[in-house]
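Quantities reported herein were computed from a predicted structural model and do not represent experimental measurements.
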Amino acid sequence: MKLGRSGAQHPLAIALGHAHERFAQTGQDLKNFDIQISERTRENGEDENGEDTIGVAFVAKLEPGKKGLGNANRLGRSVLYIASKTSGEILREAGSR
């Protein structure tokens with residue numbers, strides 16, 4: 001399923017569609033990730049105009065039998081996309097090292 005301008009028009013749906021497109025370009029296997037969506041308020045994330053944003057994170061799952069935070073392991077590298085809460089456009093991204 002592809003979300004975007006031609007389909008769902010809600011900013012969250014647009015943000016998910018754009019984040020998925022960018023994530024797909026990394027070449028990582030989506031089945032190795034959990035997707036987390038968060039509303040980012042002025043406390044923890046705002047765009048350049050001081051507006052609240054949406055966070056779409058692709059969090060690498062842990063390998064079976066492993067403990068830890070995940071983020072970056074043999075199954076993949078986590079990435080967070082920050083999107084505008086009003087338009088759904090991706091403003092920036094951050095990845096694990």
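- The structure places CD1 of Ile35 at 5.0 Å from CG of Leu30, a figure rounded to the nearest 0.5 Å.
- Every residue two or more places apart in sequence or in another chain was checked for a side chain to side chain donor-acceptor pair (under 3.5 Å) with Glu63, and none qualifies.
- The minimum heavy-atom distance between Lys85 and Pro11, with the atom names listed, is O-CB, 3.3 Å.
- Side chains of Leu12 and Glu39 form no contact here, defined as non-hydrogen atoms less than 4.5 Å apart.
- Looking only at distances, no side-chain donor or acceptor of Ser38 sits under 3.5 Å from a matching main-chain atom of Arg40.
- To the nearest 0.5 Å, atom CD of residue Glu93 and atom CD1 of residue Ile82 are 10.0 Å apart.
- Note that the CG atom of Leu80 and the CZ atom of Arg92 stand 8.5 Å from one another [nearest 0.5 Å].
- Residues Ala83 and Ala15 share a closest heavy-atom pair of CB-CB, 3.6 Å.
- Taking all atoms of both residues into account, the shortest heavy-atom contact from Asp34 to Lys61 is OD1-CE, 3.2 Å.
- A distance of 9.5 Å separates CG in Leu91 from CD1 in Ile54, rounded to the nearest 0.5 Å.
- Not less than 6.0 angstrom separates the ring centroid of Tyr81 from the ring centroid of Phe23.
- The two atoms that bring Ile90 and His18 nearest to each other are CG1-CB, 3.6 Å, heavy atoms only.
- Under the side chain to side chain donor-acceptor pair (under 3.5 Å) criterion, Thr86 pairs with Ser84, sequence neighbours left out.
- Residues Val56 and Leu16 have side chains in contact (heavy-atom distance under 4.5 Å, counting atoms from C-beta outward).
- Of all heavy-atom pairs between Gly76 and Gln28, the closest is CA-OE1, 3.1 Å.
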